[in-house]
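Numbers restart at 1 for each chain; the letters A, B, ... are given by sequence-line order, proteins then strands.
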There are 2 protein chains.
Amino acid sequence: MATMHDVARLAQVSVSTVSYVLTGARPISQATRAKVLTAMAELDYQPNAMARGLASRRSRILGLLLPMDERGLGATETAFVTGAAAAASAVGYHLVLSPVGGGGDLDGLRRLASQRMFDGVVLMEVQLADERVTALQQAGVPLVLIGRTGDTDGLSYVDIDFAQTVREAVAHLVGLGHRQIVYVNHSAETLASGYGPALRTRDAFVTAMTGHGLEPVMIPAQDSAAGGRAALAAAFARTPDLTAVLAMNETAVFGILGELTARGLAVPDDVSVVSMVTSPQVAELATPALTTMTSPGSAMGRIAIEALVRHLDGAGDERHQQLLPCALEIRGSTAAPRSRHTDGG
Amino acid sequence: MATMHDVARLAQVSVSTVSYVLTGARPISQATRAKVLTAMAELDYQPNAMARGLASRRSRILGLLLPMDERGLGATETAFVTGAAAAASAVGYHLVLSPVGGGGDLDGLRRLASQRMFDGVVLMEVQLADERVTALQQAGVPLVLIGRTGDTDGLSYVDIDFAQTVREAVAHLVGLGHRQIVYVNHSAETLASGYGPALRTRDAFVTAMTGHGLEPVMIPAQDSAAGGRAALAAAFARTPDLTAVLAMNETAVFGILGELTARGLAVPDDVSVVSMVTSPQVAELATPALTTMTSPGSAMGRIAIEALVRHLDGAGDERHQQLLPCALEIRGSTAAPRSRHTDGG
DNA sequence: CCGCTTCGTCGAACCGCTTCGACGACTACC
DNA sequence: GGTAGTCGTCGAAGCGGTTCGACGAAGCGG
């Protein structure tokens, strides 16, 4: 491995000159620059990342903190992670995937932050009240959240615009003529734990339905196919003439579809289904393919990283707060309701 | 941020003594150790990762090189990545997710390797003939492959035992009484490009079927639901009385299921389906849930990292070569064939 | 009681880069 | 033509650790 000294010697200049050629921190004449560049090429020189990081106090490494308690990432999260990795790589940063124990491991987090390995971090799966955020802030690490806390004062975040997403989804169904729409949310425990997406979509659903003069019927469901089945059964018990299901639960939605088929109901002729915050790949797995509110997973990853890097490179300490809506993608699982009951109620 | 000097001053010892307390490279008396530890606690000292990396020439960072050309990772790859991240974190290493341009970007790879940022790397999606492997070897980076090249001499790798996996899958179907089994593989282009899993399962399928005295019928399919549909149509054209499908293509298998339903055929009563190298989460999305050869994604990630770290920490330069079979998990998509043709040919 | 190890600690030399102050050589302006 | 800036370059001092050689104090066999 050639070092800067080797390059300097070969080019007959000082080390600092080599450094300035590399960083552009000071002007260098064309002639000198050429000499140095030639020497670098000849020696196949690559700057040592650790040395650079130590001297400049910038590691050019970003941390992606993800909770590891869950049983694996969903398609949306995966898209987010790869989008973030690609974006980081594109701007010359490295991205460390750092699984952190869910919640309890605050000390571990602080230790991580104090090692000065990360120039900044992206924190995933933020809860409404999240002590990790304050821990990280106190450690002085530049921070971008995915999701957001209740109080976002002085914080940078990127999140899904759940209100807008739900509004559009409901508008789509109502526009098709649906009146009996049931919302299948995450489980009651998840709601109770303060999981932002579940709470925000719940509120948004109530608002949207009420706005259309309709009754907001909501059913919780476990994150599993069985949970979806059970939820659909519960939905029919409560609203026998439902014609549409809005689901917030990638896993449960397939159970819903299965249960629908088992009951001899066709999608979309008897019941329309919209799956929210869902990736196209998953949507295509169903037959018919699911109409979804497509999650901007990869874009969110990119935007989060770009915001973080902008904050690091630029001197400004502006906060980046952005909400991204999910895009309605109409596939085969939604249609006008078959006029079973023309006007009853 | 307190430094080692601060700790040394407070504990009234030299910096090197503090270092020895930390690394254990030399014996330190109980009394001194206690003084140092107390000082560290008082100052809330955390060693600087960059400085340590520079001085020790060990960054404690591992690279996970994944091709970024594809449209996102599947569930199996995701499990692999998270498994690797968890394993790295457990042994005190960091894991950098490094998307590298597929194939052509050899120079970028070399540059990456020369930066000495990674103590070692895990290379995913290895092709049968993969120049990235030699590039990395020449750069002198400790390396573990996921998948394997044609010639694995002197290389460490972890891969799926495709031969064993296919043998078990076929045995399962044959054991149920199936005789007309069609194998749906990846696309012809993928085969032609030298994609190991596709080639190895192809060969294994021929061997397994021939071993049972059966004819190995194989159909390629694009990696999409539509591809699965087309493949199934082709399969029926070629083998009208097929009773079982063995699929090597997580995406296509859902198209196959859809097409089966469209043709009025029930799973598993009319046609049994086994999906290979598939995660349980995906299996549960289908109705009925798919019988799979479950991919050991997370375990592979863990094993790869552990092998790499063992190689780094231990002095030994033994190679780690390991094949992991997929486990047969019987769910609802396989059953004995309905005796449509009792014995016909 | 002497010479030899072993133990515990220190000081100093790096690791390979960035960055600051200094300085000679020009250019520019009055 | 003297003074004041720029420009281009150099030397040296870090950045915060690790690690090696050295050395005094014990411990030990003869």
Side-chain angles (χ1 to χ4, degrees), chain A residues 1-37 39-40 43-61 92 94 111 113-119 312-313, chain B residues 1-37 39-40 43-61 92 94 111 113-119 312-313:
Chain A
M1 284 303 114
T3 76
M4 231 176 198
H5 286 81
D6 301 328
V7 175
R9 197 180 320 125
L10 182 58
Q12 308 192 66
V13 298
S14 73
V15 248
S16 47
T17 300
V18 177
S19 176
Y20 291 133
V21 168
L22 238 33
T23 64
R26 284 194 188 177
I28 294 288
S29 72
Q30 270 308 321
T32 308
R33 179 191 309 284
K35 273 199 303 184
V36 171
L37 258 18
M40 294 208 292
L43 294 174
D44 200 19
Y45 170 74
Q46 282 302 129
N48 180 300
M50 291 290 122
R52 195 198 274 264
L54 176 59
S56 66
R57 264 138 296 186
R58 315 273 263 81
S59 65
R60 301 195 77 81
I61 299 177
H94 290 281
R111 221 169 304 132
S114 307
Q115 287 182 170
R116 310 271 89 175
M117 155 117 14
F118 301 148
D119 287 350
L312 294 175
D313 288 353
Chain B
M1 284 303 115
T3 76
M4 230 174 198
H5 287 80
D6 302 327
V7 175
R9 196 180 322 121
L10 183 58
Q12 309 192 68
V13 298
S14 74
V15 251
S16 46
T17 299
V18 177
S19 177
Y20 291 133
V21 168
L22 238 32
T23 64
R26 283 195 187 177
I28 295 288
S29 71
Q30 270 308 322
T32 308
R33 179 191 310 283
K35 274 198 301 182
V36 171
L37 258 18
M40 294 208 292
L43 294 174
D44 201 18
Y45 169 74
Q46 281 302 129
N48 180 300
M50 291 289 122
R52 195 199 276 265
L54 175 59
S56 66
R57 265 139 300 189
R58 315 274 263 81
S59 65
R60 300 194 77 82
I61 299 177
H94 290 281
R111 221 169 305 131
S114 307
Q115 287 181 169
R116 309 271 88 174
M117 155 114 23
F118 301 148
D119 286 350
L312 293 175
D313 288 352

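Side-chain atoms of A:Arg26 lie closest to C:dC20 of the nucleotides D:dT18, D:dC20, C:dC20.
No donor-acceptor contact under 3.5 Å links the side chain of A:Tyr45 to the base of C:dC17. Not a single donor-acceptor pair, N or O on each side, falls under 3.5 Å between the base of D:dG17 and the side chain of B:Arg60. Side-chain atoms of B:Ser16 come within donor-acceptor range of the base of C:dG11, with a qualifying N/O pair under 3.5 Å. Judged by atom type and distance alone, A:Arg116 does not reach the base of D:dG17 through any side-chain donor-acceptor pair under 3.5 Å. Residue side chain B:Ser19 does not reach the base of D:dG17 through any donor-acceptor N/O pair under 3.5 Å, judged by distance alone.
Proximity of A:Thr3 to the phosphate of C:dG16: no side-chain N or O atom is located under 4.0 Å from OP1 or OP2. Phosphate contact (OP1/OP2 of D:dC10, side-chain N/O of A:Thr17, threshold under 4.0 Å): present.
Taking CE of B:Met4 as the reference point, atom CG of B:Leu22 lies at 5.0 Å (rounded to 0.5 Å). Atom-to-atom distance recorded for A:Arg26:CZ and A:Ser19:OG is 10.0 Å, nearest 0.5 angstrom.
Nearer to the 5' terminus of DNA chain C, by closest-nucleotide assignment, is the contact made by B:Arg33 (compared with the other of B:Arg57 and B:Arg33). Nearer to the 5' terminus of DNA chain C, by closest-nucleotide assignment, is the contact made by B:Ser29 (compared with the other of A:Ala2 and B:Ser29).
At a threshold of 4.5 Å between non-hydrogen side-chain atoms, the residues B:Arg58 and B:Asp313 count as touching.
Nucleic acid contact for A:Leu54: base, since at least one base atom lies under 4.0 Å from a heavy atom of the residue.
In a base pair of the Watson-Crick type (N1 to N3 plus N6-O4 or O6-N4) or a G-U wobble (N1-O2 and O6-N3), with each distance short of 3.5 Å, D:dG29 is matched with C:dC2.
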